[in-house]
Number of protein chains: 2
Amino acid sequence: MPSIKDVAKLAGVSIATVSRVINNSGKVSPERRSRVIEAIEKLNYQPNLLARGLRQQKTRLVGCLVPDVENLVFARLAKYLEEFLSAHGYSVILCNTNNDKNKEKNYLSVLIQRKVDGIIFSRVSDESILFMSSYFKQVPYVVLDRTLEIEFAPTVKLDNFLGGFLAAQHLVEMGHRHLACITGPLKIRLCRERLEGFREGLKVAGIDLHSEYIFESDFKINGGKEAALKMLATGGGLPTAVFAHNDMMAFGAMQAFRDKGLDIPKDISVVGFDNIPICEVVSPPLTTVAQPFEEMARLGVELLDSLIKGEEVTQKIMLVKPYLVIRASTAPPRVV
Amino acid sequence: MPSIKDVAKLAGVSIATVSRVINNSGKVSPERRSRVIEAIEKLNYQPNLLARGLRQQKTRLVGCLVPDVENLVFARLAKYLEEFLSAHGYSVILCNTNNDKNKEKNYLSVLIQRKVDGIIFSRVSDESILFMSSYFKQVPYVVLDRTLEIEFAPTVKLDNFLGGFLAAQHLVEMGHRHLACITGPLKIRLCRERLEGFREGLKVAGIDLHSEYIFESDFKINGGKEAALKMLATGGGLPTAVFAHNDMMAFGAMQAFRDKGLDIPKDISVVGFDNIPICEVVSPPLTTVAQPFEEMARLGVELLDSLIKGEEVTQKIMLVKPYLVIRASTAPPRVV
DNA sequence: CTGTTAGCGCATTCAA
DNA sequence: TTGAATGCGCTAACAG
């Protein structure tokens with residue numbers, strides 16, 4: 001592997017001149033410049049970014065912590081993060097935490113050691129935040145899709161309250177009066193927000209969401225299925241519409257309903273959350289609250305880039321608006 | 001950020017001693033060792049991996065090139081790759097190529113400049129391989145799930161022929177005699193292999209796969225849908241079973257069939273490929289040829305690790321076996 | 001067992 | 001405009 005020295009020797013100049021050519025810094029005579037360029041090409045010289053990073057104290061490396069890239073939501077986020085970061089000249093170190101606090105901790109440590117210029121956290125645990133806070137002074141970071149309850153942190157997040165509200169509004173407008181909600185884990189704030197938004201959307205229409213129609217689950221297909229089964233087993237009568245906190249649980253619920261001979265949407269309407277690609281494929285296609293992942297990623301990357309550059313950032317907390325995608329899984333309730 | 005010097009000063013030893021403690025190399029007296037450890041903790045010292053990498057000429061960094069992390073297949077692969085690589089002490093630089101030759105080229109260049117210890121390619125284009133080959137002498141690499149036609153390369157790939165064969169065998173055993181295949185782009189070798197395996201599986205049972213029942217498509221939902229519509233439009237009579245080269249196309253086909261009032265599996269059986277999680281959720285759940293992604297990732301990482309370590313590797317080409325997952329989308333054909 | 005020193009490859013003073 | 005020299009933080013060779 002040729003180094004800057006080899007280039008300098010071949011071009012008959014000093015390494016300083018080579019460096020100037022590479023970085024377009026300082027003045028270099030046209031004649032020497034072309035000699036250098038020629039030498040670079042002849043040797044197929046590639047600058048060593050380790051050395052450059054060591055010298056400049058910056059690496060153009062960004063760490064991305066996500067809970068699970070296999071999950072379509074984060075796969076999507078990861079894709080866009082990578083896209084925008086690379087467009088800004090950063091390489092991304094991917095850290096899949098598996099929701100494991102220890103892994104989060106270790107990864108964070110590694111990222112610090114690798115001298116990343118910045119970090120993007122999405123949906124990390126509160127516990128880790130505490131540990132991380134000792135590093136927060138050392139490296140710029142942005143929190144994505146997660147509200148830190150601990151401190152004022154640069155954040156890009158979805159307006160989850162609005163998401164719940166939109167779902168409620170849609171169902172109410174269709175004439176539903178008897179509704180249920182399948183939530184994610186309520187210890188997670190965004191779930192509480194989605195629930196509250198949903199509740200508020202119903203309240204505006206004069207409808208109460210009774211607690212026995214709130215089913216706390218786990219964001220998984222089977223969780224949705226089980227919640228639906230519980231719903232079917234209650235004596236209080238089946239609701240005419242269900243709002244699930246993500247698409248996967250909605251799918252699970254749909255399956256359970258159908259297995260019991262119910263028709264969607266004639267007997268029961270279902271609304272999901274996320275708008276993952278499969279929504280269009282399932283039968284019936286799922287009405288859902290869509291998250292603008294691309295926009296979130298873009299805003300997050302731009303925010304981080306500004307922080308890294310040390311620019312003045314006035315708006316450190318950004319709220320992104322979800323929108324409703326209406327498909328065939330919702331319809332007015334059967335007239336009794 | 002404290003450096004090794006600060007630690008040495010605080011502990012009252014030389015930087016060499018600190019280095020020895022950090023790396024557990026050489027002999028250090030217990031007393032000095034504990035003084036160093038204490039200083040490290042007091043300063044919250046983190047070794048600078050850039051400097052170490054520069055010095056040691058290795059970074060414990062591995063680049064992973066994937067075409068599209070949003071695609072469930074690669075999301076899965078990426079997840080396992082990251083998991084195994086990090087277990088081996090590597091950090092991963094994620095490169096999402098979007099099947100863009102220029103991006104592939106640029107990424108590869110960046111990886112070289114960042115001095116990664118190794119690279120894992122999955123499904124990169126043949127064209128890029130040519131460009132890459134100039135780098136292949138510089139850095140160990142493993143090709144995942146892709147056959148390079150150009151040279152002898154360390155590879156972990158699925159036995160796609162067997163996958164097609166298994167699908168055929170399953171359908172034939174159920175009594176199907178009239179079959180169709182929805183393929184991926186046939187310029188991709190693995191598609192040709194799946195098709196050939198399928199053809200062979202039928203041939204063994206004395207069945208010919210006529211070319212008008214081969215529908216070349218694009219691995220996407222809509223592609224599957226369109227292929228199914230074409231199938232419905234032909235005059236030759238509908239097959240009783242269809243094998244799609246991935247699950248997404250199978251979903252699309254299922255949807256098209258159902259829209260036309262056909263029952264799956266009573267009227268037509270469908271087999272997919274990949275075994276992505278949604279297979280269990282769609283209705284009916286999809287019978288499919290499963291890829292052992294975890295095993296592929298594990299083998300790929302282990303192979304790369306061996307190559308990086310310079311170990312003698314006898315087996316450089318590994319073939320991983322797919323297996324059939326039978327669900328409700330396949331059944332014996334209707335008795336006429 | 002310990003410390004001194006050189007050098008990994010580069011950008012950046014400072015002189016010339 | 002150019003080049004020589006310095007040091008980023010670390011490991012490893014060497015001398016003690």
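Because the structure is a prediction, the values reported are computed rather than measured. Numbers restart at 1 for each chain; the letters A, B, ... are given by sequence-line order, proteins then strands.
Sorted by first and then second residue, the pairs that involve residues 38-50 of chain B and meet side chain to side chain donor-acceptor pair (under 3.5 Å), not counting sequence neighbours, are Ser109(A)-Gln46(B), Tyr135(A)-Gln46(B). The salt bridge (charged side-chain N to carboxylate O under 4.0 Å, His left out) contacts involving residues 13-34 of chain A comprise Glu31(A)-Arg35(A), where partners must be two or more places apart or lie in separate chains. Among residue pairs with one or both ends in residues 65-92 of chain A, those qualifying as salt bridge (charged side-chain N to carboxylate O under 4.0 Å, His left out) are Asp68(A)-Lys79(B), Glu70(A)-Arg76(B), Glu70(A)-Lys79(B), Arg76(A)-Glu70(B), Lys79(A)-Asp68(B), Lys79(A)-Glu70(B); sequence neighbours excluded.
Across all non-hydrogen atoms, the minimal contact from Gly118(B) to Val139(B) is CA-CG2, 3.7 Å.
Asp6(A) pairs by the salt bridge (Lys or Arg N to Asp or Glu O under 4.0 Å) definition with nothing, not counting sequence neighbours.
The side-chain heavy atoms of Leu65(A) and Ile120(A), taken from C-beta on, include no pair separated by under 4.5 Å.
Heavy atoms of other residues, nucleotides or ligands lying less than 6.0 angstrom from NZ of Lys9(A) number 12 at most.
OP1 and OP2 of dT4(C) both lie 4.0 Å or more from every side-chain N or O belonging to Ser14(B). Side-chain nitrogen and oxygen atoms of Arg32(A) include none within less than 4.0 Å of the OP1 or OP2 phosphate oxygen of dT1(D). Proximity of Thr17(B) to the phosphate of dC1(C): no side-chain N or O atom is located under 4.0 Å from OP1 or OP2. Phosphate proximity of dT1(D) to Arg33(A): absent, as no side-chain N or O sits under 4.0 Å from OP1 or OP2.
Using modelled atom types, one side-chain atom of Arg60(A) and one backbone atom of Gly89(A) make a donor-acceptor pair closer than 3.5 Å.
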Per-nucleotide protein contact string for nucleotides 8-14 of chain C (B base, S sugar-phosphate only, - none; heavy atom under 4.0 Å): BBBBBB-
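In this structure, the helix from dC1(C)-dG16(D) to dA16(C)-dT1(D) shows an angle of 50° between the axis at its start and the axis at its end, each fitted on 5 base pairs and rounded to 10°.
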